[in-house]
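When reading the values below, keep in mind they use all heavy atoms of this one structure, side chains included, and skip hydrogens, waters and symmetry mates.
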Amino acid sequence: MKVYVLLFNARQENEGIHTIRLGTPQGGERNIVMMFESQDDAERYAMLLEAQDFHVPTAEAFDSEEIEEFCNSCRYEAKLIPEGFVPESPEERIFLSPPETNLADTDWEREQQQPGKSAQEEDVPTAQLDDIRRRLEGLL
């Protein structure tokens, strides 16, 4: 199934995927990657992030299995946002509209502030995202 996820700096060295961090009942945190069924919904969410003066992501198409595999490898949670999604709880409202507060700085901004960082120290999710992109490009 084709889904749309939000990427920052798509196809660049410092590419990243948009996640939402939610608390768990046990006091922990979980990171959620939203997989939009509709490109229009993904682009609308991206515009809402832009309206908050956050970094502007782009909606990129992927196979849902590729994203789920990526999420499993990073201990992220993949959440399918079906077209016409209607939230059933206050927590699910975040899948329609971004939270009012965002991270003050992103992983890639912190990496840019550390110019001597080696390739082995790169963020694992970014490397795995690059691998997914290469495999998808190989399908074309």
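- The number of heavy-atom neighbours closer than 6.0 Å to CD of Gln12, taken from other residues, nucleotides and ligands shown, is above 12.
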- [ ] Please lay out, stage by stage, how Ile32 and Thr19 fare under the test side-chain contact (heavy atoms from CB on, under 4.5 Å).
- [x] CA-CA 5 Å; Ile32 299 172; Thr19 64; over 6 Å; no
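- Not one N or O on the side chain of Glu69 forms a donor-acceptor pair closer than 3.5 Å with the backbone of Glu65.
- Here the shortest heavy-atom pairing between Glu92 and Val86 reads OE1-O, 4.3 Å.
- Taking a cutoff of 4.0 Å between a charged side-chain nitrogen and a carboxylate oxygen, Arg11 and Glu60 qualify as a salt bridge.
- Rounded to the nearest 0.5 angstrom, Leu22 CG and Asn31 CG are separated by 8.5 Å.
- Here Glu68 contributes atom CD and Met1 contributes atom CE; the two are 9.5 Å apart, rounded to the nearest 0.5 Å.
- The CG atom of Asn9 sits 4.0 Å away from the CG atom of Asn14 when rounded to the nearest 0.5 Å.
- In this structure, Tyr4 has its ring center at least 6.0 angstrom away from the ring center of Tyr45.
- Under the 4.5 Å side-chain criterion, counting only non-hydrogen atoms from C-beta, Pro87 is in contact with Leu96.
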Open item on the list: Between Phe36 and Phe95, is the ring-ring contact (aromatic ring centres under 6.0 Å, His included) condition met? List the steps.
Closed with: CA-CA 10 Å; Phe36 294 92; Phe95 302 128; 8.8 Å; no
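- Atom-to-atom distance recorded for Cys74:SG and Ile17:CD1 is 8.5 Å, nearest 0.5 angstrom.
- Taking 4.5 Å as the limit, some side-chain heavy atom of Met34 sits within range of a side-chain heavy atom of Ile20.
- By the neighbour-count criterion of 12 heavy atoms within 6.0 Å, atom CZ of Arg44 is densely surrounded, having more than that number from other residues, nucleotides or ligands.
- What you find for Ala59 and Leu6 is that their closest heavy atoms are CA-CD2, 4.0 Å.
- Two residues are said to be in side-chain contact when any heavy atoms from C-beta on lie closer than 4.5 Å; Leu7 and Pro57 fail this criterion.
- The aromatic rings of Tyr76 and Phe70 sit perpendicular, their planes meeting at an angle over 60°, well past the 30° parallel limit.
- In terms of modelled atom types and a separation under 3.5 Å, the side chain of Glu50 and the main chain of Val56 share no donor-acceptor contact.
- Ile94 contributes atom CD1, which lies 12.5 Å from atom NZ of Lys79 (distance to the nearest 0.5 angstrom).
- For the atom pair CD1 (Ile67) and CZ (Phe62), the distance works out to 5.0 Å, reported to the nearest 0.5 Å.
- Side-chain contact between Phe8 and His18 is present, with heavy atoms from C-beta onward closer than 4.5 Å.
- No donor-acceptor distance shorter than 3.5 angstrom exists from the side chain of Arg75 to the backbone of Arg30, with no hydrogens or angles considered.
- Taking every heavy atom of both residues into account, Met35 and Ser64 meet most closely at SD-O, 4.0 Å.
- The two atoms that bring Glu15 and Ala10 nearest to each other are OE2-CA, 3.2 Å, heavy atoms only.
- Minimum heavy-atom separation, Leu48 to Pro98: CB-CD, 3.6 Å.
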